[in-house]
A.B. asks: 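The structure's right below; bear with me while I get my questions together.
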Amino acid sequence: NLENDFRSLPSQDCSYLVKRCCELRKIPLEKFTTEDLRIMIGQQIGLKYLIPLAIETLSKDLFAEGDYFEGDLLQNVLSVDTEFWNDNRDSWQQLNRLVNDRRDEIMKHKFNLANFDNCKYKNMPNERI
C-alpha cells in the first residue's frame, strides 16, 4: 500500500523468492522479521520504508541474522545501490555511525562496502553531514 504497487498474484511456476516477495508486500511492516527485511532489501524493494527498520534492527545487533548467516541483513543493506544512499542522507548517516568503528569486523565477514562507501556523503567533512 505504501508504494501503491498492487501486483497480481504470482504464477505457480514462479520461484520461491518471487512468491515470498509478493506475500511480504501484504504484511504490515511492524510484523516484518529480520529475514523479511533481508529478503526485500536484497531485492531492492521498498527501501524507503525498509532501510529505517533495518537500521533499527542493526543498531541493536549489527550482525543480526535472517535465515542464512550472521550478518546477512547487514550484507544486504550494505549492498543497496549507491543511488539510494545518495538520495537518503539521514539513513546513510545513521548506518555510517553504526559501521564506522566496526569496519575491521565487517571486513572479516568479507562484506562489500563499495556501494555504501561510494555515496556522495562519504568524503564530506563531518560538520556538513
A.B. asks: So, do Tyr121 and Trp85 have ring centers that fall under 6.0 Å from each other?
C.D. replies: no
A.B. asks: Looking at CD1 of Ile45 and SG of Cys22, how far apart are the two atoms once the value is rounded to the nearest 0.5 Å?
C.D. replies: 8.0 Å
A.B. asks: Taking atom CG of Leu58 and atom CD of Glu56, what is their separation to the nearest 0.5 Å?
C.D. replies: 10.0 Å
A.B. asks: Quick one: do Leu113 and Met107 satisfy side chain to side chain contact (heavy atoms under 4.5 Å, CB included)? Show the steps, please.
C.D. replies: CA-CA 8 Å; Leu113 289 148; Met107 296 307 291; 3.5 Å; yes
A.B. asks: With sequence neighbours left out, what residues match Asn112 under side-chain contact (heavy atoms from CB on, under 4.5 Å)?
C.D. replies: Ala114
A.B. asks: Taking only residues two or more places apart in sequence, or in another chain, which ones meet Lys110 in a salt bridge (charged side-chain N to carboxylate O under 4.0 Å, His left out)?
C.D. replies: none
A.B. asks: Identify, with sequence neighbours excluded, every residue that meets salt bridge (charged side-chain N to carboxylate O under 4.0 Å, His left out) alongside Asp117.
C.D. replies: Arg103, Lys122
A.B. asks: To the closest 0.5 Å, what do you measure between CD (Gln93) and SG (Cys119)?
C.D. replies: 9.0 Å
A.B. asks: Keeping the roles fixed (side chain from Asn86, backbone from Lys120), state whether a donor-acceptor pair exists under 3.5 Å.
C.D. replies: yes
A.B. asks: So for atom CD, which belongs to Glu83, do other residues, nucleotides or ligands contribute more than 12 heavy atoms lying within a distance under 6.0 Å?
C.D. replies: no
A.B. asks: According to side-chain hydrogen bond (donor to acceptor under 3.5 Å, both in side chains), does anything in residues 35-44 pair up with another residue at least two apart or in another chain? List the pairs.
C.D. replies: Arg20-Asp36, Thr33-Asp36, Glu35-Arg38
A.B. asks: Is there side-chain contact between Ile106 and His109, with at least one heavy-atom pair below 4.5 Å?
C.D. replies: no
A.B. asks: Excluding sequence neighbours, so at least two apart, what forms side-chain contact (heavy atoms from CB on, under 4.5 Å) with Lys31?
C.D. replies: Ile27, Pro28
A.B. asks: Rounded to the nearest 0.5 Å, what's the gap from OG on Ser91 to NZ on Lys48? Could you check?
C.D. replies: 11.0 Å
A.B. asks: To the nearest 0.5 Å, how far apart are CG in Leu24 and CE in Met40?
C.D. replies: 5.5 Å
A.B. asks: Could you walk me through whether Ile51 and Asn88 pass the side chain to side chain contact (heavy atoms under 4.5 Å, CB included) test, one step at a time?
C.D. replies: CA-CA 10 Å; Ile51 290 294; Asn88 294 275; over 6 Å; no
A.B. asks: Taking only residues two or more places apart in sequence, or in another chain, which ones meet Arg97 in a salt bridge (charged side-chain N to carboxylate O under 4.0 Å, His left out)?
C.D. replies: none
A.B. asks: Name the atoms and distances for all side-chain donor-acceptor pairs under 3.5 Å in residues 63-74, with sequence neighbours left out.
C.D. replies:
from, atom 1, to, atom 2, distance (Å)
Asp72, OD1, Gly66, N, 2.5
Asp72, OD2, Gly66, N, 3.2
Asp72, OD2, Tyr68, N, 3.0
Asp72, OD2, Phe69, N, 3.3

A.B. asks: Checking the side chain of Asn115 only, and the main-chain atoms of Ser79 only, is there a donor and an acceptor separated by less than 3.5 Å?
C.D. replies: yes
A.B. asks: Step through the shown structure and confirm whether more than 12 heavy atoms of other residues, nucleotides or ligands are within 6.0 Å of CG on Asn100.
C.D. replies: yes
A.B. asks: I'd like to check the ring pair (Phe, Tyr, Trp, His ring centres under 6.0 Å) partners of Phe84; sequence neighbours left out, ordered by chain and number.
C.D. replies: none
A.B. asks: About how many Å separate CG of Asn76 and OG1 of Thr34, when rounded to the nearest 0.5 Å?
C.D. replies: 12.0 Å
A.B. asks: At their closest point, which heavy atom of Asn96 faces which heavy atom of Phe116, and how far apart are they?
C.D. replies: N-CZ, 3.5 Å
